[in-house]
Each structure stands twice: as structure tokens, then as C-alpha cells.
2 protein chains.
Amino acid sequence: MAIVKMRDVAAHAGVSISTVSKILSGSAAAHQIPAHTIERVRRSASQLGYIPNAVARNLRTQRTREIGIVLGQETYPEAAALTLDGAFLIGLMEAVATCHLPGMVVYPRERSSSIADVARYLDGRIEGLLVRSSTPHHEELLLSLFARSPLPVVAVWTQEVPDTVGFVDVDHRAGAYQAVRHLLDLGHRRIAYVESSPVFEHPHFLARYQGYEQALREAQVTFQPEWHVIGVEQEKIERLLQLPDAVTAIFTPNDVTAGAVATILHTLHRRIPGDISLVGFDDIANADLIAGGLTTVHQPIQEISMQAVRNLIALIGGTPVVECRAVLSTSLIIRNSSAPPATR
Amino acid sequence: MAIVKMRDVAAHAGVSISTVSKILSGSAAAHQIPAHTIERVRRSASQLGYIPNAVARNLRTQRTREIGIVLGQETYPEAAALTLDGAFLIGLMEAVATCHLPGMVVYPRERSSSIADVARYLDGRIEGLLVRSSTPHHEELLLSLFARSPLPVVAVWTQEVPDTVGFVDVDHRAGAYQAVRHLLDLGHRRIAYVESSPVFEHPHFLARYQGYEQALREAQVTFQPEWHVIGVEQEKIERLLQLPDAVTAIFTPNDVTAGAVATILHTLHRRIPGDISLVGFDDIANADLIAGGLTTVHQPIQEISMQAVRNLIALIGGTPVVECRAVLSTSLIIRNSSAPPATR
DNA sequence: CTGAAAGCGCTAACAA
DNA sequence: TTGTTAGCGCTTTCAG
């Protein structure tokens with residue numbers, strides 16, 4: 001059996017092809033088509049198992065109602081991205097369903113962002129694009145290519161975008177502040193900041209570091225340079241614990257680093273939170289498995305996804321860019337890895 | 001500036017629109033178009049920033065070179081799916097890039113699989129569909145709807161499919177066998193099987209259980225019914241450790257359950273692997289953070305993704321279904337959570 | 001070697 | 001209230 005087309009339905013129902021179109025595309029009322037005709041055509045369509053061809057409709061209407069998203073390997077840091085991406089994707093799927101979009105085109109991120117690569121997003125398949133922030137440098141380049149393109153673009157997890165691009169990000173600084181504040185409230189005064197690579201490489205991490213600093217400052221704690229550890233190695237963590245005034249808590253700007261620190265602490269026979277408290281950032285899947293339940297800063301992935309899709313739809317619909325930008329709040333999830341410092 | 005179309009390029013280069021088409025769609029050689037014309041047209045195209053409209057091409061050629069995948073919330077068990085899906089998606093992206101497909105359409109899974117829902121996959125947008133197995137019952141229903149549809153479909157993580165559907169799965173039974181065999185080789189004789197819900201609910205887990213049983217049998221270990229624990233609760237785990245012959249190792253058919261068990265063991269002050277060994281299944285992201293590094297059965301996600309895409313492309317290309325089916329092998333990843341039993 | 005013409009399946013003026 | 005007609009932007013015979 002060949003594919004059923006609109007003309008077949010028309011013939012079967014004994015009406016013209018345009019009448020079928022009017023009915024099936026929902027403009028029947030506007031054309032004052034009587035109920036019995038509608039009924040007859042509908043019956044024919046379902047009887048024949050007619051499925052409208054989206055490609056033809058898209059060409060004719062010049063709309064696809066489809067949006068795209070660029071994802072890929074080059075996200076950073078790797079493992080965190082892996083786990084956050086899973087949740088992010090699930091969130092996006094929900095958003096897509098909620099907004100009644102047929103689906104979402106996922107594009108693998110190209111290694112090099114040349115102007116030629118951008119062509120794939122402009123070939124008419126999609127009406128707008130979501131760009132999931134990755135390595136900052138790479139990112140900037142890709143986004144800058146969209147600055148002068150007609151395609152609506154919303155970036156996720158960054159705020160450094162061209163004028164024409166919308167974004168959704170979280171308040172990294174406030175999140176980190178909240179986490180460190182929690183440790184201070186528990187009574188900690190010597191709190192280390194342990195990260196896997198220098199803070200300055202990514203705006204996220206710079207902001208998180210600033211939140212840490214701000215919390216210390218407000219609590220009148222004098223920051224000690226030794227507290228800022230770059231590179232998660234056993235000797236470095238050991239050194240933190242052997243300082244004349246050993247730290248009693250560690251804040252890491254992402255959960256994967258927290259996991260690595262937890263493993264090292266385990267090796268060093270330090271108990272969490274008995275001997276030392278540990279707080280992370282991201283609330284990745286399985287954060288509850290890290291260190292027996294990691295206290296961490298939760299990123300509202302569901303909302304991020306939803307907001308991203310909504311903003312993109314708004315941008316497509318002609319809403320001014322400034323209204324298609326959002327910075328969401330994080331929330332602190334207190335689990336088992338943080339407690340008051342041991343008195344001694 | 002309006003969108004540049006093929007006719008604009010033709011005018012600019014001083015040739016007809018069909019000549020431009022031949023050159024830009026790669027059939028220039030077949031039409032014996034001289035190099036200088038090709039050159040001229042190419043130059044005009046890039047000068048004008050011409051990007052061919054994919055929708056129009058798709059309509060004309062009746063091909064989209066695009067494949068789809070159904071993903072969604074209803075995966076099972078939830079957390080494992082979350083983390084595996086992230087890796088799966090990354091793998092798919094790589095496969096898509098490797099196979100030179102433009103992108104992949106991701107569809108949110110519908111709550112109800114009625115025949116009407118299937119229409120969305122048959123509207124001409126995609127040439128083939130990947131279905132990621134979820135709740136078994138739901139799954140069967142969805143796949144059965146494709147049994148008589150013209151759309152090529154490849155299911156992932158299941159082998160229970162209609163005749164017309166391809167699949168990619170891993171050998172769950174062999175994987176579990178390997179894991180338990182590892183424990184036996186270490187000297188363990190009393191090995192529990194702890195799962196969160198009954199084994200029979202999903203073929204995966206039934207197969208994993210059978211692998212466990214088989215390993216015990218071959219090692220001449222008599223299985224004790226108390227070893228099979230359903231539901232991860234502290235009392236149940238405690239009971240395992242208080243048996244006259246306490247178990248010395250626990251195998252869980254997925255890493256999330258292993259993580260939960262690890263947390264309970266931690267609470268009970270049992271050391272892993274000092275007091276008890278723990279082995280999981282899946283090798284989810286962050287498995288290295290569970291129990292200080294979880295020994296587990298690795299699912300070759302990269303290969304699964306690649307094979308899924310390859311099989312689907314083959315099926316679209318007319319390869320017989322039987323050749324579009326694959327069962328991949330797992331591999332044991334030995335980390336820190338397994339060691340010989342304590343001698344006493 | 002190049003171009004004219006037909007048409008992929010559908011929608012939306014415009015007529016009737 | 002319904003049908004006729006003209007395309008959407010492209011590819012592909014088929015003539016020239």
C-alpha cells in the first residue's frame with residue numbers, strides 16, 4: 001500500500017483537496033464548512049490512515065515549529081556535564097512536550113566553529129536554536145557567529161552573549177555564597193576552596209569563587225591563600241589538613257570535584273562530616289551517593305530547561321531579546337556531608 | 001536583507017537555476033559541467049552567503065537524512081536511566097557526526113502509546129526511529145504499533161521486538177555472570193543478590209539474575225533463598241550480615257542500587273571491601289565515586305549508540321532486519337569495592 | 001554542456 | 001460553502 005496523500009482523502013470523501021486541507025489544518029471554522037462535511041472528511045482521513053506530510057506543510061507555510069539544540073563532547077568539566085546533560089535533556093523533553101512542539105533536533109557540536117558549520121542551523125529545518133555552553137572560548141566563537149544571523153538563539157549556562165542572543169543561566173555567585181554561608185553558620189571558620197583547574201578559565205567558576213570570598217568577607221574571616229587549592233591531589237589535600245590551623249571544611253565548585261575529594265579523604269581516613277565537612281555545587285545525579293550524601297548547591301535543571309525553551313519560543317515570536325534572558329536561583333540541598341566542626 | 005535563494009545565485013552567476021542545483025547538489029560531474037562554470041557558481045554562492053533550504057530539498061527528493069529517537073521520563077529505574085541517558089546521548093551525537101547525518105530529532109515519550117501518537121513519527125520528517133527501552137509493558141505496546149508501519153525502527157536495550165524491528169542490546173546474563181564469577185574467584189562463597197524491585201519486572205534484570213545463579217551453580221555454591229533481597233532497606237541488609245553464615249559479598253544488578261547499599265553499609269559501620277565486597281552493574285557516570293570506586297559491569301555505551309545508529313541506517317538502506325540486530329558484550333571494571341573475604 | 005519545465009505535498013488567496 | 005489556482009525552493013528529467 002502506497003502512502004496516503006491528501007488527494008486520496010479528497011477523492012474518498014468526494015470533496016476537493018483544498019477543503020480537506022482547510023479541515024485538517026484547523027481553519028474549517030474560518031471557512032464556514034458545515035459539520036457534516038467536516039465529519040465526512042475526518043472519517044475518510046482516519047479510515048485511510050492519512051498522516052499529513054510535515055515536510056510539504058513546512059515548505060508551504062515556511063514554518064517547522066521545530067527547534068534545535070547544540071550539545072556535544074566538548075563540555076566542561078566532562079563528568080559533570082555528562083550527568084547534568086542527562087537531566088537537562090529530560091527537562092528539555094518535558095518542556096518540548098509542554099509547549100506542544102513536535103520534537104527537538106539535537107546537533108552534535110562541531111570541533112571547529114567556522115562560519116560554514118553554522119550553515120547547518122540555517123538550512124530552514126529549525127526555527128530557533130538552543131546552545132548549551134561548553135568551553136568558554138569555543139562558546140564565544142560559536143555564539144558570535146550567530147550575532148548577525150537571522151536565527152533566534154538562546155544560550156544556556158552563560159551570560160556572555162551577543163546583543164541578539166538570549167540566555168538562561170543560574171546565579172553561580174549567590175549559590176556559592178549560600179553554600180559557604182551554610183558552613184559558616186555551622187561554626188566553621190577555616191574553609192578551603194578546592195577546584196580541579198584554575199578558577200579563571202570559566203566565568204561560572206570565577207563567579208562561584210567570588211561567592212566563596214564574599215561569604216568569608218562578610219563573616220569577617222580572613223582568607224588564607226593556602227586554602228585555595230588548584231588540582232585535586234592527595235598531597236594537596238593532606239597539606240590542608242596539616243596546616244597549623246587545619247581547615248575544618250572544604251567547598252568545591254562542582255560535585256565531581258567533591259567526589260574526588262571525598263575519595264581522597266576516605267583514603268586519608270578522615271570521616272565526613274565527623275572530621276571535615278564537604279559541600280559541592282551542581283547537585284548532579286547521584287550526588288546523594290557521594291560521601292554518603294553530599295550537601296550541595298542544586299541547579300534547577302527543570303526550570304532551566306523550561307525557561308530555555310520558553311525564551312526561545314518567545315524570541316522566535318518576536319519578543320525583544322532582553323525579555324528572553326533569565327538568571328535563575330539555586331538552592332542549597334543539605335544532606336549528610338556537612339556538620340558543625342569537631343570541638344577540640 | 002532577505003534570504004538568499006538558489007535563483008539569486010543563478011542570477012548572480014549568470015546561469016540557470018538548474019545549473020546551480022546540479023553543481024551545489026554534487027551532480028556536476030554527471031552533467032559534464034566545466035570547471036570554470038562550477039568555480040563561478042561556487043564563488044557566487046559563497047559570496048552571497050547562500051544556504052540551500054533543506055525543507056525544499058527534502059520535499060523534492062523525498063528524503064530527509066534525519067533520524068529520530070524517543071526518549072523520556074518513563075525510563076526505569078529512574079536514576080540509572082538518568083545517568084545512562086546522558087552518556088547514551090553523547091554517544092549518539094558522536095555516531096550521528098560519524099555517519100554524517102545532519103542531526104537527530106529527539107521526541108519526548110508520550111504517556112499513552114496510542115496509534116495516534118505514532119503519527120508524529122510518520123509525518124515524513126524522519127527516515128527511521130530509535131526507541132530507547134523503558135518500562136517493558138509500555139515498550140512492547142509502542143513497538144507493536146510499528147510492526148506494520150513503513151518506518152524503520154531499531155530498539156535499544158531490549159530484544160523483545162516485532163519481526164520488522166531491529167535492536168541493540170547487551171548480554172545482561174553474561175555480564176552478571178562475569179561479576180559474580182569475579183567475586184567467586186576472590187574466594188567469596190556467600191554472595192547476596194540485592195535489588196530494589198522484583199527481578200521479573202524487566203527482562204534485563206531477569207537475565208542478570210540468571211547470570212548470578214549460573215555463576216553460583218558452576219562454582220558448586222548452593223544458593224540460599226535468604227541471599228535474594230528485594231527492596232533496599234537497612235533492616236534487610238542488616239539481616240544479611242547477621243545470618244549464621246553471613247554473606248561476604250553483595251551483587252546488585254545496577255549501580256544505583258549499589259550506591260544505596262553502600263550508604264547503608266556505611267551507616268552500619270561496615271567497610272567496603274574490608275568487611276564486605278560490593279559489585280554493581282551498568283558503570284554509570286560517577287560509579288567511581290560510589291563506595292570509593294565501585295567494581296561494576298560496564299555497558300559499552302559508545303558502541304551501543306554507534307551500533308544503534310548504524311543498524312538504523314542499514315535498515316533504512318534496505319538491509320534485512322536480522323542483520324540489523326546486535327547483542328554486545330559487557331566488561332568487568334574492577335575498582336576498589338571488591339577484595340578477598342576477610343579471613344576469620 | 002545548459003536551460004526549460006514539471007512537480008514533491010501541501011496551504012491560502014481568490015473565485016465562484 | 002466549495003473549488004481553482006498559484007506557488008513554497010528545490011531537483012531532475014528531457015530537449016536543445
Side-chain angles (χ1 to χ4, degrees), chain A residues 2-42 44-45 48-65 102 119 122-127 150, chain B residues 2-42 44-45 48-65 102 119 122-127 150:
Chain A
I3 281 278
V4 179
K5 296 169 215 165
M6 197 175 265
R7 76 156 70 89
D8 302 317
V9 177
H12 187 272
V15 295
S16 82
I17 183 174
S18 67
T19 300
V20 177
S21 172
K22 283 164 196 155
I23 292 168
L24 265 33
S25 62
S27 60
H31 290 272
Q32 305 183 166
I33 295 175
H36 62 271
T37 308
I38 296 180
E39 179 62 15
R40 184 154 43 96
V41 169
R42 282 247 153 79
S44 293
L48 297 176
Y50 172 68
I51 297 170
N53 182 302
V55 180
R57 184 184 337 105
N58 292 347
L59 177 60
R60 177 59 234 232
T61 61
Q62 300 290 78
R63 299 213 53 180
T64 64
R65 290 179 35 74
L122 300 173
D123 67 3
R125 259 184 248 261
I126 56 171
E127 293 188 33
Chain B
I3 281 278
V4 179
K5 296 169 214 163
M6 198 175 263
R7 77 155 69 89
D8 302 315
V9 177
H12 187 272
V15 293
S16 82
I17 184 175
S18 65
T19 300
V20 176
S21 172
K22 282 163 195 157
I23 292 168
L24 264 34
S25 63
S27 62
H31 290 272
Q32 307 184 161
I33 295 174
H36 62 269
T37 307
I38 295 181
E39 178 62 14
R40 186 154 42 96
V41 169
R42 284 249 153 78
S44 294
L48 297 176
Y50 172 68
I51 297 170
N53 182 303
V55 180
R57 184 184 335 106
N58 292 347
L59 177 60
R60 176 60 233 232
T61 61
Q62 299 290 77
R63 300 215 51 181
T64 64
R65 290 179 35 72
L122 300 173
D123 66 3
R125 259 184 247 261
I126 55 171
E127 293 187 34

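Throughout, a chain's letter reflects where its sequence line sits, starting with A, and its residues are numbered from 1.
- Where A:T61 and B:R60 each meet DNA chain C at their nearest nucleotide, the meeting point lying more 5' is that of B:R60.
- With C:dC10, C:dC1, C:dG9 as the candidates, the nucleotide lying closest to the side chain of A:Y50 is C:dC10.
- When heavy atoms are screened at a 4.0 angstrom cut-off, B:S27 is found touching no nucleic acid atom at all.
- Side-chain N or O atoms of B:S44 include none that pairs as donor or acceptor with a backbone N or O of B:V9 at under 3.5 Å.
- Atom pair B:L59:CG and C:dT11:P shows a separation of 12 Å (rounding to whole Å applied).
- Here A:S21 lies in heavy-atom contact (under 4.0 Å) with a base.
- A heavy-atom distance below 4.5 Å is not found between the side chains of A:N53 and A:K5.
- One N or O donor and one acceptor, one from the side chain of B:S18 and one from the base of C:dG3, sit under 3.5 Å apart.
- As a whole-Å value, the separation of A:R125 CZ from D:dC8 P is 21 Å.
- In this structure, CG of A:N53 is placed 18 Å from P of D:dC8, rounded to the nearest angstrom.
- Rounded to an integer number of Å, the gap from CD1 of A:I23 to P of D:dT1 is 12 Å.
- Computed from coordinates, the A:K5 NZ to C:dC8 P distance equals 7 Å when rounded to whole Å.
- The distance from atom CG of A:L122 to atom P of D:dG9 is 16 Å, rounded to the nearest whole Å.
- In this structure, the CZ atom of B:R40 is 14 Å from the P atom of C:dC1, given to the nearest Å.
- For the pair A:T37 and D:dT1, the criterion of a side-chain N or O lying under 4.0 Å from OP1 or OP2 is not met.
- Each of A:T19 and B:V4 lies near DNA chain D, and the nucleotide nearest A:T19 is the one positioned closer to the 5' end.
- Picking from C:dT11, C:dA13, C:dT2 the nucleotide with the shortest atom distance to the side chain of A:M6 gives C:dT11.
- Without hydrogens or angle criteria, A:S21 side chain to A:I17 main chain gives no donor-acceptor distance under 3.5 Å.
- Between the CG atom of B:N58 and the P atom of D:dT11 there is a distance of 10 Å, given to the nearest Å.
- Across all strands, A:V15 comes closer than 4.0 Å only to sugar-phosphate atoms, never to a base (heavy-atom distances).
- Ion pairing between A:E127 and A:R63 holds under the 4.0 Å rule for side-chain N and carboxylate O.
- Contacts of A:Q32 with the nucleic acid, taken as non-hydrogen atoms under 4.0 Å apart, include base atoms.
- Heavy-atom minimum distance, B:I3 versus B:D8: O-OD2, 3.9 Å.
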